[in-house]
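Report on one structure; see the data block that follows.
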Amino acid sequence: MSKKVRVRFAPSPTGGLHIGGVRTALFNYLFAKKHGGDFILRIEDTDQTRYVEGAEDYIVNALNWCGIPFDEGVGKEGKFGPYRQSERKSLYKQYADELISKGKAYYAFDTSESLNNHRKEHETKGKTFIYNWHNRLRLDNSLALSKEETTAKLDAGDAYVIRFKTPQDEKLALKDLIRGNMEIDTNILDDKVLFKSDGMPTYHLANIVDDHLMEISHVIRGEEWLPSLALHQQLYDAFEWQAPEFAHLPLIMKPVGKGKLSKRDGDKLGFPVFPLSWNGSLGYKEEGYFPEAVVNFLALLGWNPGTEQEIFSLEELVQSFSLERVNKSGARFDIEKTKWYNQHYVQQTSDEQLANLFIPVLEEKKISADKLAATYVTKVVSLIKERAVFVADFWNLSDYFFVAPTSYGEKAVKKQWKEGTPEILNQLVSVIENISDFSSNNTETIVKQWITDNELSFGKVMPPLRLVIVGDMKGPHIFDIIAIIGKEETVARIKKAIASL
RNA sequence: GCUCCAUUAGCAUAGUGGCUAGUGCAUCCGACUUUCUAUCGGAAGACAAGGGUUCGAUUCCCUUAUGGAGUACCA
């Protein structure tokens, strides 16, 4: 109870962090902050063959972009460092030795080839090869060998691993904060390798040792670790350490089909799986998502507040979060919902801020300087943002505010451009030229008055007007548009259309 | 195969031993804007199956089915 909450996110630097990992980090972060605790980043790079250059920086950058920075970890050394397992290498051997001297672990000299053969053999018989109590005495290890034989092998420099000696006929009571209590029979467990022949610990050993040394209070990780919980619990018991609390998060599933979300799904289905771009796959950032939206949708993937609230700021998430409300079953990823979240955040962002994000896009399009003024862009944004999901949508929704249409929608022309249209628009031009107060409301009143006075139908005037101003049948209220582009430009566009259509 | 976990509409989920099972996304229909991919309003749509326990079960128990994870000197 009195123990300080310390949680860790412990990814392996084998590639870009995908959103499943980001969500695990997020839940750890939320839990830590909710309880005034620390959020630690530890790099689990015990498998040197899978190390990928740049992955570690990527993880740090991704966390920062999401706004969930760690308190302690690589580059932010606290008193529990180093935070990279490869730099802690010298630490682990003594713990493996301790287990051996306690009789909780043993040396094994079996080669991977012989083990693979055993597995294959069992498979052809429809069985599973398990290295444990029922066959360990028939295999090549210090339990089957005499003390002398074992030391001889060790002294000769034979390659060995250290395996955990899983006890026989015991029932393990396991506790998970999300799933409740479980019971496991040790007879079905195998003697997992704790220490590899390359001198590195496996995940299991390093994980337990580090969590203990770093005084981790709660282990919050993905469900793929649930089957390992039995081993981990036994390891804590074997060391006579107090185990942290465990919580296993449900997996994030593919949007369609079976199985958990993988890095490949993004490319295949056309949505980002990475927070930032990685190896040619665009990330949420590059696709134009706001980090707030990403955090928000990720939080609701496998967790819910128990109310109908769906929009949460990070602070609100910290307030509302609890492990008890995390779901037990997998959460299917829904890209439409993530877009919905982003659309929401676009609407919440002020017109000024959005204009600032939009101006660089316009500059790239070589828009003339007078239309790049913040006040002008802000006005445009206020009209069109309603239907935008991303800032990147702004250009398509608003190009006609910046450049006159160079072509007109084919279908729209066919439907709206009738024989009498040029004549009507010519008259409209003279009406417009006489308006002095070119505000949206005033222009609208005058034009509508003119239509009724001349017994013209709205359908013969309004749609063609929209067509010549916008270039297609789209956009916000037409009088709002012409008020912004101005009288001169409005007249010019009408004339241009009459001449060219 | 074995072990563990799960199962409310197309998807994500809320909720309850007993009143019309709530919400969001998607869908369909209407309204508005004499444009729309927007907005507003409305509609349709679910407790996996079978067996118990119970006066009564979507809710508790068992079985089956389906889905998921793990089963490496990977994490």
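It should be emphasised that the depicted structure is a prediction, and the values quoted were computed from it without experimental measurement.
Between the side chains of A:Y131 and A:N141, at least one donor-acceptor pair of N or O atoms lies under 3.5 Å. Side-chain contact, A:N132 with A:T166: no donor N or O sits under 3.5 Å from an acceptor N or O. Side-chain N/O atoms of A:D47 and A:Y203 include no donor and acceptor closer than 3.5 Å. A:D480 and A:S440 share a side-chain donor-acceptor pair at under 3.5 Å. A donor and an acceptor atom, one from each side chain of A:H477 and A:E444, are located under 3.5 Å apart. Between A:E98 and A:Q94, the side chains place no donor N or O within less than 3.5 Å of an acceptor N or O (distance only, hydrogens not considered).
Between A:K260 and A:E223 there is no salt bridge, since no side-chain nitrogen of the basic residue lies less than 4.0 Å from a carboxylate oxygen of the acidic one.
Remark: P of B:A26 and CZ of A:F333 are 15 Å apart, rounded to the nearest angstrom. A:W340 has its CH2 atom 15 Å from the P atom of B:U27, to the nearest Å. Rounded to whole angstrom, the span from the CD1 atom of A:I252 across to the P atom of B:A69 amounts to 13 Å. B:U35 atom P lies 22 Å from atom CD of A:E410, rounded to whole Å. Atom pair A:E224:CD and B:C74:C1' shows a separation of 12 Å (rounding to whole Å applied). Remark: P of B:G67 and CG of A:L251 are 16 Å apart, rounded to the nearest angstrom. Between A:I335 atom CD1 and B:A12 atom P the separation is 15 Å, expressed in whole Å. We find that CZ of A:F390 is positioned 14 Å from C1' of B:U37, with the value rounded to whole Å.
Within the nucleic acid shown, A:M253 comes within 4.0 Å of sugar-phosphate atoms alone, with no base atom in reach, counting heavy atoms only. Nucleic acid contact for A:P11: none, since no nucleic acid atom lies under 4.0 Å from a heavy atom of the residue. Backbone-only contact: A:R325 has heavy atoms under 4.0 Å from sugar-phosphate atoms and none from a base. If you check every strand for non-hydrogen atoms under 4.0 Å, A:K260 touches sugar and phosphate atoms only. The residue A:A388 sits apart from the nucleic acid: no heavy atom pair falls under 4.0 Å. Using a 4.0 Å heavy-atom cutoff across all strands shown, A:R466 reaches at least one base atom of the nucleic acid. A:T49 comes within 4.0 angstrom of no nucleic acid atom, judged by non-hydrogen atoms across all strands.
A distance of about 26 Å separates the C1' atoms of B:U59 and B:A44, rounded to the whole Å. Only the P atoms considered, B:U63 is 14 Å distant from B:C2, to the nearest whole Å. Straight-line distance between the P atoms of B:C11 and B:C5: roughly 25 Å, to the nearest whole Å. Going from the C1' atom of B:A9 to that of B:G24 covers 13 Å, rounded to whole Å. Annotation: B:C60 and B:C74 have their P atoms spaced 42 Å apart (nearest Å). With both ends at atom P, the span from B:C36 to B:A69 equals 45 Å, rounded to whole Å. Going from the P atom of B:U13 to that of B:U54 covers 35 Å, rounded to whole Å. Separating the P atom of B:A31 from that of B:U37 is a span of 14 Å, rounded to the nearest Å.
When distances are taken from the side chain of A:K196 to each of B:C73, B:U13, B:U35, the shortest belongs to B:C73. The side chain of A:E44 has B:A75 as its nearest neighbour among B:C25, B:A75, B:U35. Closest approach to the A:T202 side chain among B:A12, B:U35, B:A75 is made by B:A75 (side chain taken as heavy atoms from C-beta onward).
Using bins of under 30°, 30° to 60° and over 60° for the plane-to-plane angle, the ring pair A:H232/A:H204 lands in the tilted bin. Taking the six-membered ring for Trp and thresholds of 30 and 60 degrees, A:W395 and A:F402 have nearly parallel ring planes, at less than 30 degrees apart. Using a 30° and 60° split on the angle between ring planes, A:F246 and A:H248 fall in the parallel class, below 30°.
Taking for each of A:F195 and A:E308 the nucleotide of RNA chain B with the nearest heavy atom, the 5'-most of the two is the partner of A:E308. Judged by closest nucleotide on RNA chain B, A:K448 is the one of A:K448 and A:V193 placed further toward the 5' end.
In this structure A:E224 satisfies the salt bridge (charged side-chain N to carboxylate O under 4.0 Å, His left out) test with no other residue, sequence neighbours excluded. Remark: A:S12 engages A:T14, A:R50 in a side-chain contact (heavy atoms from CB on, under 4.5 Å) (not counting sequence neighbours). Qualifying side-chain contact (heavy atoms from CB on, under 4.5 Å) partners for A:K411, counting only residues two or more places apart in sequence or in other chains: none.
Below the 3.5 angstrom threshold, one finds a donor paired with an acceptor across the side chain of A:S197 and the base of B:C73.
With respect to A:R8, the side-chain hydrogen bond (donor to acceptor under 3.5 Å, both in side chains) criterion is satisfied by exactly one of A:D211, A:D210, A:N28: A:D211.
Contact check, A:N304 against B:A14: a side-chain N or O comes under 4.0 Å of OP1 or OP2.
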Item to complete: Quick one: the dot-bracket string of RNA chain B, using Watson-Crick and G-U wobble pairs with both distances under 3.5 Å, [ ] for crossing pairs and | for bases paired to another strand.
Response: (((((((..((((....[...)))).(((((.......)))))....(((((..]....))))))))))))....
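Residues of residues 105-119 of chain A that place a heavy atom closer than 4.0 Å to RNA chain B, in numerical order, are A:D110, A:R119.
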Show each protein N/O and nucleotides 3-5 of chain B N/O combination with a separation under 3.5 Å, one pair to a line.
{"from": "B:C5", "atom 1": "O2'", "to": "A:R179", "atom 2": "NH1", "distance (Å)": "2.8"}

